[in-house]
Asks: 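Please find one structure pasted underneath; my questions will follow.
In the text below, chain A, chain B and the rest are named by the order of the sequence lines, each starting its count at 1.
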2 protein chains.
Amino acid sequence: MKIIYAEVVTIGDEILYGQITDTNSKWISEELDKVGIKTIRKSSVGDQKKEILNILSESLQRADIVLITGGLGPTKDDITKKTLAEYFNDELVINPHAEEFVRGFFEKRGRPFTELNRQQAAIPSKCTYLHNATGTAPGMWFDHHGKVIVSMPGVPLEMKYLMSNEVIPRLKAKFELPEIVHKIIRTIGLGESFLAERIENWEDNLPEHIKLAYLPSFGEVKLRLTGIGENRTKVEEEIETEVLKLVPLIEEHIYSFENDEIEKSIGKILNETASTLGVAESCTGGYLAHLLTSIPGSSAYFLGGVVSYSNQAKMDVLKVKQETLTKFGAVSEQTVIEMAEGVRKVMKTTFGIATSGVAGPDGGTEEKPVGTVWLAVTDGKQTLTKKLSLGKIRIVNIEYSAKAALNFLRILTKGK
Amino acid sequence: MKIIYAEVVTIGDEILYGQITDTNSKWISEELDKVGIKTIRKSSVGDQKKEILNILSESLQRADIVLITGGLGPTKDDITKKTLAEYFNDELVINPHAEEFVRGFFEKRGRPFTELNRQQAAIPSKCTYLHNATGTAPGMWFDHHGKVIVSMPGVPLEMKYLMSNEVIPRLKAKFELPEIVHKIIRTIGLGESFLAERIENWEDNLPEHIKLAYLPSFGEVKLRLTGIGENRTKVEEEIETEVLKLVPLIEEHIYSFENDEIEKSIGKILNETASTLGVAESCTGGYLAHLLTSIPGSSAYFLGGVVSYSNQAKMDVLKVKQETLTKFGAVSEQTVIEMAEGVRKVMKTTFGIATSGVAGPDGGTEEKPVGTVWLAVTDGKQTLTKKLSLGKIRIVNIEYSAKAALNFLRILTKGK
């Protein structure tokens, strides 16, 4: 079976000047990998016609598929569209579907539909219009001597929408791709190297055509099993067999087989048990509530949170005792227990979670250095507490603590 | 003055498969930009000899400088070093300085100095050895027909050490470099296309050597002016002159000349005026508090927040009247006013911000469709409200609303 090769091209001076990190090409090549398309090169070029024309012809010599992001906004420095039209000896014409959508986009927001906005609906006449429900710049699909060139906006959200809803399905339809089956097991609370040691023997005994990848992020490690073959069902069964061998080795750290984020897994648990949750946050500063409320429908189980950044707020809203704060300090087991019990009462919920710590970079002491974080979870009968000793980077401490707190609630509900 | 061009090449299958995000090339090009070297292309290729040889010769045709990271570790898939030796018709020889350092590196850690480790000290005989104090893989500098090729390890810490201590100083010594000046003006509350129309004449009259770029993100647009010349002070003055012409055109939308995020600008305003802030969040679900508390030192002015996701919480914690919720609903001007005033009292702060809306994707009605968001800001005397009509994507509505709310507070404090 012929391997299909792809190249990813990201366009934008802001990438070349190092003012933004290109995360699009990582995401795109990961998606291509999932459907059995091999990325052989990634390139970033500036907003100059010459550069774009060069990279286009070079990439097309090497690859079957060229996916481009960036340079599709309404302003002058966005020239990808014009350059593509020139490359294919084509002209820009207003696409009626695009125009209708863009017009509605602005009308809905009560903003004037200017000529500059209307031009967002202009695309090369030879390309296939790819509908972008998330913004005003459409995607463009070009068939060219059996090869494919696709242009997408650089805004990650819009690129992802187009990739998932338009590009990947069309690529699967156009090219004969091998069956690639991915299975992701999400784990939390065990570092990559410790995880690797635990499952070493299992990993060494995986069949040739099933590969394992460790995808670590704050406090979590995703284990991705990738099987390749001609018969999808067969590969899926083979992977299931391996998963069944893996589970007993790390069961207490696995929180999802459906590639759900921990906040989504928690949501499912709370829904299934018709339970509700309230959170009291000090060091996580609202991030924990944000994770929970980023899930659609979370209002069914998440009733509210208190970001008690000051001691006054801890006392007034969460009813933490003054003497507790005086005697043990805001960052202490005693305080975080009272916060968790307090928010559970205030929000009238089944469960309460609380976080308090020194997020940093400053504010640490000998006794409580930066990275010291206390967590508490309670159901009114049982209250669990845990102390984390993290690093010095504020945002890492915030995100890690929030995820750890959610996993801590999972442990309370599951009893493991 | 001749512009010096650079290309950045990152090597590694894990980049092409989308298993890691390449952050090296962003950092490298940012450092090059600071010293007036223009990055014209970035490329990522896999750990294959053919790919590396190709990208090397291609890059050298376009650029004066080629900076390579990755593929220098001890494992077999790291072949950059051998490939470079082949490219320059050279052979690998043990460098005594490198060997001494690597030996010490392992001895210090009480680890055996194996032959595999010793080979880390082998570099092409023609290259200049660049000392890497942070790891066992040295950097390599090749002078080649007036051009420069540098190879560095892919580990960010090691690459950064070599760039800062060896590569940048040597590049400044070798090449005559121009001065490049960037000035970023952050704007909010005006879409890219509307902004472009407002400043079109100004933009068209910019001098040849000063370029404008639009860098949009949720609800914000960064305007970046880039000037190039021989005399830094002169270029800075020329850019200042242009900025002074720009400001009156969009003054009410500018929130930072220091490239601060809106949450950081707000923090500065609150610090300068010794004011404090509390936030009441419904649809933003804690994201607003998260933005504020992501800034180190924010506890000086941010006293706390309430994520009142349920009506009960709105009444119990924020003292929103039951009749207000019954008569006008949770997503209404009246409710959001009571929330803002409520949180200001509860948290005992100078200012209160409130958000309430339908974040989506579900939960919309004829009268209040998904994307309907009410904002309120108050200082106890004056209360401003605003209605947003956004789209259907939950995370966008959350992030946009939070940023808009912070800007709304800025407007209240500035009176514009």
Asks: Return the option, out of G297(A), G46(A), S294(A), S308(A), with the maximum number of heavy-atom pairs under 4.5 Å with chain B.
Replies: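 The option with the most such pairs is S294(A).
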Asks: Checking I55(B) against chain A: side chain, backbone, both or neither under 4.5 Å from a heavy atom?
Replies: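 For I55(B), backbone and side chain are both near chain A.
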Asks: What part of N259(B) lies closer than 4.5 angstrom to a heavy atom of chain A: side chain, backbone, both or neither?
Replies: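 Contact with chain A: none, neither part.
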Asks: Name the option with the most non-hydrogen atom pairs under 4.5 Å to chain A; the candidates are R394(B), E30(B), R62(B), E51(B).
Replies: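 Heavy-atom pair counts peak at R394(B).
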Asks: Could you tell me which portion of L303(B) (side chain, backbone, both or neither) has an atom closer than 4.5 angstrom to a non-hydrogen atom of chain A?
Replies: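 L303(B) touches chain A through backbone and side-chain heavy atoms alike.
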Asks: What part of P112(A) gets closer than 4.5 Å to chain B, counting heavy atoms only: side chain, backbone, both or neither?
Replies: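 Both backbone and side chain of P112(A) come within 4.5 Å of chain B.
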Asks: Measuring from atom OG1 of T226(B) to atom CG of L212(B), what distance do you get when rounded to the nearest 0.5 angstrom?
Replies: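 Output value for this atom pair is 8.5 Å.
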Asks: When heavy-atom pairs shorter than 4.5 Å are enumerated against chain B, which of I28(A), I40(A), D33(A) gives the highest number?
Replies: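 Maximum pair count with chain B is reached by I40(A).
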Asks: What option among V155(A), L157(A), T23(A) has the most heavy-atom pairs under 4.5 Å with chain B?
Replies: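 Winner by heavy-atom pair count: L157(A).
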Asks: Answer yes if the side chains of Q120(A) and T136(A) hold a donor-acceptor pair under 3.5 Å, and no otherwise.
Replies: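 Side-chain D/A pair, Q120(A) to T136(A): present.
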Asks: Given S298(A) and Y309(B), is the side chain to side chain contact (heavy atoms under 4.5 Å, CB included) satisfied, shown in steps?
Replies: CA-CA 9 Å; S298(A) 47; Y309(B) 231 51; 3.8 Å; yes
Asks: Identify which part of L318(B) has an atom lying under 4.5 Å from any heavy atom of chain A, answering side chain, backbone, both or neither.
Replies: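 Interface part for L318(B): neither.
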Asks: Does NZ belonging to K108(A) count more than 12 external heavy atoms closer than 6.0 Å?
Replies: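 Yes - once you tally the heavy atoms of other residues, nucleotides and ligands closer than 6.0 Å, there are more than 12.
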Asks: What part of K211(B) gets within 4.5 angstrom of chain A, counting heavy atoms only: side chain, backbone, both, or neither?
Replies: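 Neither part.
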Asks: Tell me which of these, P361(B), S29(B), P369(B), G304(B), has more heavy-atom pairs under 4.5 Å with chain A than the rest.
Replies: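 Going by pairs under 4.5 Å, I would pick S29(B).
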Asks: Sort out for me which of A313(B), A289(B), G305(B), G278(B) touches chain A most, counting heavy-atom pairs under 4.5 Å.
Replies: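 Answer, by heavy-atom pair count under 4.5 Å with chain A: G305(B).
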Asks: So, Y400(B) versus E220(B): side-chain donor-acceptor pair below 3.5 Å or not?
Replies: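 Looking only at side-chain atoms, E220(B) and Y400(B) do not form any donor-acceptor pair under 3.5 Å.
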Asks: Against chain A, label D316(B) side chain, backbone, both or neither, depending on which of its atoms sit under 4.5 Å from a heavy atom there.
Replies: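 The side chain, not the backbone.
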Asks: Decide side chain to side chain contact (heavy atoms under 4.5 Å, CB included) for V317(B) and M347(A); before the verdict, give the C-alpha distance in whole Å, the side-chain angles of both, and the deciding distance to 0.1 Å.
Replies: CA-CA 9 Å; V317(B) 187; M347(A) 297 295 171; 4.2 Å; yes
Asks: With chain B as the partner, which of N117(A), L292(A), V8(A) has the greatest number of non-hydrogen pairs under 4.5 Å?
Replies: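 Going by pairs under 4.5 Å, I would pick N117(A).
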Asks: Looking at E261(A) and K264(A), is any side-chain nitrogen of the basic one under 4.0 Å from a carboxylate oxygen of the acidic one?
Replies: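 So K264(A) does not pair with E261(A) through a salt bridge.
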Asks: Measure distances from V396(B) to the heavy atoms of chain A and classify the residue's part below 4.5 Å as side chain, backbone, both or neither.
Replies: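 It is the side chain, since no backbone atom gets that close.
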Asks: Using non-hydrogen atoms only, which part of L16(B) is less than 4.5 Å away from chain A: side chain, backbone, both, or neither?
Replies: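 For L16(B), backbone and side chain are both near chain A.
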Asks: Under 4.5 Å between any side-chain heavy atoms of I393(B) and Y161(A), yes or no?
Replies: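 I393(B) vs Y161(A): side chains apart.
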Asks: Would you check, one step at a time, whether the test side chain to side chain contact (heavy atoms under 4.5 Å, CB included) holds for V307(B) with H290(A)?
Replies: CA-CA 9 Å; V307(B) 183; H290(A) 169 58; over 6 Å; no
Asks: Count the heavy-atom pairs under 4.5 Å between each of V9(A), V346(A), T114(A) and chain B, then report the option with the highest count.
Replies: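 Of V9(A), V346(A), T114(A), T114(A) has the most heavy-atom pairs under 4.5 Å with chain B.
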Asks: Look at atom CD1 of I228(B) and say whether more than 12 heavy atoms of other residues, nucleotides or ligands are closer to it than 6.0 Å.
Replies: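 Counting neighbours around CD1 of I228(B), more than 12 heavy atoms of other residues, nucleotides or ligands fall under 6.0 Å, so yes.
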Asks: Top residue by heavy-atom pair count (under 4.5 Å) with chain A, among L291(B), I20(B), I395(B), I184(B)?
Replies: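 Ranked by heavy-atom pairs under 4.5 Å with chain A, first place is I20(B).
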Asks: Counting heavy-atom pairs closer than 4.5 Å to chain A, which one of I15(B), T10(B), T276(B) comes out on top?
Replies: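 The answer is I15(B).
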Asks: Which atoms of K38(B) are under 4.5 Å from chain A, going by heavy atoms: the side chain, the backbone, both sets, or neither?
Replies: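 Side chain only.
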Asks: Do the ring planes of F194(B) and F106(A) sit parallel (below 30°), tilted (30 to 60°) or perpendicular (above 60°)?
Replies: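 If you compare the ring of F194(B) with that of F106(A), the planes turn out perpendicular.
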Asks: Given the options L288(A), T21(A), V306(A), which has more heavy-atom pairs under 4.5 Å with chain B than any of the others?
Replies: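 Result: the option with the highest number of such pairs is T21(A).
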Asks: Salt bridge or not between E31(A) and K34(A)? Use side-chain N to carboxylate O under 4.0 Å.
Replies: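 Here E31(A) pairs with K34(A) in a salt bridge, since their nearest N and O are under 4.0 Å apart.
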Asks: Under 3.5 Å, is there a donor on one side chain and an acceptor on the other for T39(A) and E7(A)?
Replies: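 Their side chains do not contain a donor-acceptor pair, so the 3.5 Å distance test is not met.
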Asks: Report which part of D22(A) has an atom under 4.5 Å of a heavy atom belonging to chain B: side chain, backbone, both, or neither.
Replies: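 Contact with chain B involves the backbone of D22(A) alone.
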Asks: Looking only at heavy atoms and a cut-off of under 4.5 Å, which of G391(B), S310(B), G285(B) has the most pairs with chain A?
Replies: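 Top option by heavy-atom pairs under 4.5 Å: G285(B).
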Asks: Is I295(A) in contact with chain B via its backbone, its side chain, both, or neither, using a 4.5 Å heavy-atom distance?
Replies: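 Only the backbone of I295(A) comes within 4.5 Å of chain B.
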Asks: Salt-bridged, R224(B) to E14(A), with N to O below 4.0 Å?
Replies: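 Salt bridge absent between R224(B) and E14(A).
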